[in-house]
Amino acid sequence: MGELDKIYSNYAEEVFKYLMCLCHNADLSEELTQETFYQAVKSIDRYNGECKMSVWLCQIAKHSYYKHLERNKKQQIHMFQDDTLHTSPEAEFIHSEDKIALYRIIHLLEEPYKEVLLLRILGGLSFKEIGEIQLKNENWARVTFYRAKMKLRERGKDKNGK
């Protein structure tokens, strides 16, 4: 049992942060982190060492998140709250409307663009880390991130009528 405790203590925070990038909800991320390690214990015999343990766990976490979404299709995306102080209620309303519009556009992006964009911007992960999580290389992550930004710009222009 000591080996499992060691794996949990070494990787739980990384899995939690990855899940926070996906769902933006600390409670749900904590719940899915526990589910991830439960599933990992159940299937530890299938871990063959071809990838890093953290990558394997993040793949399980991603699948746990997708299962959660399937079970809760009516659930809407949770937004990060901005800690920035605004000078007026009007400015705060405009800012929140812009942020909601941006998240709505991001939400409509197809995979893997949406996930790569969220991992890079909100998760602060490097392209190398994103590539490892997606079982791709660093260059793939860079290109996918660039294409995701282009799609955001294109859809943002469409929304603004430009």
Side-chain angles (χ1 to χ4, degrees), residues 1 3-83 96-138 140-149 151-152 155-156 159:
M1 193 64 172
E3 185 68 26
L4 294 176
D5 289 337
K6 186 176 179 182
I7 291 171
Y8 182 81
S9 65
N10 287 342
Y11 299 105
E13 184 177 347
E14 187 173 344
V15 170
F16 175 80
K17 287 179 180 178
Y18 173 71
L19 287 164
M20 278 296 294
C21 290
L22 294 177
C23 68
H24 316 290
N25 181 312
D27 293 334
L28 179 58
S29 294
E30 183 62 37
E31 180 182 327
L32 292 174
T33 299
Q34 298 304 318
E35 176 66 19
T36 297
F37 281 93
Y38 171 72
Q39 294 299 328
V41 168
K42 281 179 44 179
S43 61
I44 193 72
D45 58 319
R46 288 187 271 161
Y47 176 67
N48 57 15
E50 286 184 12
C51 63
K52 291 181 183 179
M53 176 66 74
S54 60
V55 173
W56 183 67
L57 290 169
C58 284
Q59 286 295 322
I60 294 172
K62 179 171 73 170
H63 291 293
S64 296
Y65 174 64
Y66 289 156
K67 285 178 189 173
H68 169 78
L69 288 179
E70 288 174 16
R71 287 189 305 260
N72 301 296
K73 287 194 181 215
K74 293 182 181 179
Q75 178 181 359
Q76 294 186 358
I77 290 182
H78 294 278
M79 306 289 173
F80 276 113
Q81 292 183 352
D82 192 5
D83 294 333
S96 68
E97 287 293 309
D98 288 345
K99 189 165 50 168
I100 289 170
L102 175 63
Y103 278 111
R104 191 171 289 134
I105 293 170
I106 291 172
H107 177 69
L108 295 174
L109 283 176
E110 57 275 357
E111 294 296 342
Y113 302 113
K114 176 170 62 173
E115 187 172 354
V116 169
L117 191 72
L118 292 172
L119 289 173
R120 180 71 177 160
I121 293 173
L122 299 177
L125 297 179
S126 70
F127 291 118
K128 183 177 181 182
E129 292 169 323
I130 293 169
E132 287 177 359
I133 288 169
Q134 294 289 327
L135 301 177
K136 306 281 185 180
N137 61 35
E138 181 178 348
W140 175 89
R142 287 180 188 280
V143 170
T144 305
F145 179 72
Y146 174 79
R147 289 177 180 165
K149 289 192 312 184
K151 288 180 181 284
L152 274 182
R155 291 182 182 180
K159 294 281 183 193

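When the salt bridge (Lys or Arg N to Asp or Glu O under 4.0 Å) test is applied to Glu110, the partners found at least two apart in sequence or on another chain are Lys151, Arg155. With sequence neighbours left out, the salt bridge (Lys or Arg N to Asp or Glu O under 4.0 Å) criterion links Glu30 to no other residue. The side chain to side chain donor-acceptor pair (under 3.5 Å) search around Ser126 returns Glu129, not counting sequence neighbours. In this structure, the side chain to side chain donor-acceptor pair (under 3.5 Å) partners of Gln134, at least two apart in sequence or on a different chain, are Glu115.
To the nearest 0.5 Å, atom CG of residue Leu119 and atom NZ of residue Lys114 are 11.5 Å apart. Rounding to the nearest 0.5 angstrom, the gap separating the CD atom in Glu35 from the NE2 atom in His68 is 11.5 Å. How far OG1 of Thr36 is from OH of Tyr18: 9.5 Å, rounded to the nearest 0.5 Å. Atom CG of Asn137 sits about 12.5 Å away from atom CZ of Phe127, to the nearest 0.5 Å.
Counting heavy atoms from C-beta outward, Leu32 and Leu22 have side chains that stay 4.5 Å or more apart. Side-chain contact between Tyr113 and Leu152 is absent, with no heavy-atom pair separated by less than 4.5 Å.
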Practice task
Go through the steps to decide whether His24 and Leu118 satisfy the test side chain to side chain contact (heavy atoms under 4.5 Å, CB included), and finish with yes or no.
Solution key: CA-CA 10 Å; His24 316 290; Leu118 292 172; 4.1 Å; yes

Enumerate, atom names and distances included, each donor-acceptor pair closer than 3.5 Å involving a side-chain atom of residues 52-62, sequence neighbours excluded.
from	atom 1	to	atom 2	distance (Å)
Lys52	NZ	Glu132	OE2	3.4
Gln59	NE2	Ile133	O	2.0

Side-chain polar contacts of residues 140-148 - donor-acceptor pairs under 3.5 angstrom, sequence neighbours left out - could you list them?
from	atom 1	to	atom 2	distance (Å)
Arg142	NH2	Glu138	OE2	3.0
Thr144	OG1	Trp140	O	2.7

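Heavy atoms of other residues, nucleotides or ligands lying less than 6.0 angstrom from OH of Tyr47 number more than 12.
Closest non-hydrogen pair, Lys6 versus Ser9, comes out as O-OG, 3.0 Å. When all heavy atoms of Ser29 and Phe16 are compared, the pair lying nearest together is CB-CE1, 3.4 Å.
By the 30° and 60° cut-offs, the orientation of the rings of His63 relative to Tyr66 is perpendicular.
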